[in-house]
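A quick write-up on the structure given underneath.
First the proteins, then the strands, lettered A, B, ... as listed; each starts at 1. What you see below is based on every heavy atom in this structure, not just the backbone, and it leaves out hydrogens, waters and symmetry mates. For clarity, every value in this text was computed on a predicted model and none was experimentally measured.
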Number of protein chains: 2
Amino acid sequence: MSTYSLTPTSYLVLGCLASAGPSTPYELKQAVAESVGYFWSFPHSQLYSEPARMTAAGLVQEEREEGGRRRRVFSITAVGRAALDDWLTQPTAGLPDIRDVGLLKLFFGDLVGPDEVNALAVAQRGAHEERLKLYEGLFSGPPQSAAESTIGLGIAWERAAAAFWASIAENPPKPT
Amino acid sequence: MSTYSLTPTSYLVLGCLASAGPSTPYELKQAVAESVGYFWSFPHSQLYSEPARMTAAGLVQEEREEGGRRRRVFSITAVGRAALDDWLTQPTAGLPDIRDVGLLKLFFGDLVGPDEVNALAVAQRGAHEERLKLYEGLFSGPPQSAAESTIGLGIAWERAAAAFWASIAENPPKPT
DNA sequence: ATCCCTATGGTCTGTTTCGGATGGTGCCGA
DNA sequence: TCGGCACCATCCGAAACAGACCATAGGGAT
């Protein structure tokens, strides 16, 4: 067999199918949008193409809805479930890039004046605070599952970032 | 004119050329690796191909070294500088995705046991702490420039993430 | 001087991602 | 019954990506 490599998108699909049962790509898209999509946006087109790819590899299988639109419904196979468990069981130690366009601008902030840096900092601070409020409104009690607990990192990140940009705004870096 | 769109990579190149003066792709690669590369890794191949693309758009210009390897040396043009200033002057309010594979695994943590979640949390915590130490060792005093101040967000992120994973490890989420 | 070795420096390619443009289609209300 | 819209799906060009692979200058050993 070819060295078929599973991408994060693949595991996303596998995980969703394992959690929510058989789904259409559209349902995947919905589920993703209101959960994991907050910290990892997947283009919806991939949620259509990826299951197709994975069908060929035997990780999922495809059926058709009976009536109506006769949409494709994908479900995870035993092979897929094994691949998912395998992945979930390996504790990744890899770290993501921050890849923040705002931070990239700050990095080149010495090329423009302090006013521009300040405007950037204010805008970023506002955006992070807004997002923070959104996150804080999502759940009321303490997290009820591993899935819900992920919001904790979102909140921590937004708080940290808001504080960082606030400090930049207050105390603009200047080459002496 | 065609709608030539500048990507973050383009601005990276422009910014580096504006900051450091005319450079070869190899020098760009070096400069990036030891600075902005910590939070945004650019494949080195792009630092070769992107300036070529940009030359065609008139944003940079290319010369050749006299002796030795006769490497390509790129420098920013007035047009390029204007584009860069324009970009730097617009305060982006956009937020990046976190895109953390570990967090994605946590999101599906309900599909495996608490032991696996715990192992993940421990590994992630360790990785973030290690990275934190690296960052803290980079500069001694307070930041001397906008560029240096970016490390602040790196440190804040690593601290927040390490704390988050520590809390997951201590208090593993369990569906009741 | 020559030749080899290795740091340094550069190119190329197949795959995946991205994100939006575009194109169907079932269903409900008038 | 028919028109419109929300729902659903596919496609495509342009980049990003990772990394394999190649080239060469210049120093050191002989």
Whole angstrom value for the distance that separates [atom2] of [N] from [atom1] of [X]:
X       : N      : atom1 : atom2 : result
A:Tyr11 : C:dT16 : OH    : P     : 13 Å
B:Leu47 : D:dA16 : CG    : C1'   : 12 Å
B:Leu28 : C:dG10 : CG    : P     : 10 Å
B:Arg99 : D:dA16 : CZ    : C1'   : 11 Å
A:Leu12 : C:dT16 : CG    : P     : 17 Å
B:Phe42 : D:dA15 : CZ    : P     : 16 Å
B:Glu50 : D:dC17 : CD    : C1'   : 13 Å

Close side-chain approach of A:Leu106 and A:Leu103, heavy atoms under 4.5 Å: yes

Min side-chain heavy-atom separation A:Phe39-A:Ile151 under 4.5 Å: no

Kindly label the base of D:dA20 as syn or anti, based on whether its glycosidic torsion lies within 90° of 0.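 It is anti.
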
For A:Ala166, does its backbone N or O pair with a side-chain atom of A:Arg125 as donor and acceptor, under 3.5 Å? no

When you measure from the side chain of A:Thr77 to the backbone of A:Ser75, do you find a donor-acceptor pair of N or O atoms at a distance under 3.5 Å? no

In the 5'-to-3' direction, what one-character label does each nucleotide of nucleotides 7-13 of chain D receive under the scheme B = base within less than 4.0 Å of a protein heavy atom, S = sugar-phosphate only, - = no such atom? BSBBB--

Respond yes when some side-chain nitrogen or oxygen of A:Thr7 is under 4.0 Å from OP1 or OP2 of C:dT17, and no when none is. yes

D:dT24 pairs with, by Watson-Crick or G-U criteria that keep both distances under 3.5 Å: none

Taking any strand in view, what nucleotide pairs with C:dA30 in a Watson-Crick or G-U wobble way, both distances under 3.5 Å? D:dT1

Does A:Glu136 have more than 12 heavy atoms from other residues, nucleotides or ligands lying within 6.0 Å of its CD? yes

Look at B:Glu50 together with B:Arg53 and state whether they make a salt bridge at an N to O cut-off of under 4.0 Å. yes

Set of ring pair (Phe, Tyr, Trp, His ring centres under 6.0 Å) partners for B:Phe42, sequence neighbours left out: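 Here the qualifying residues are B:Trp40.
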
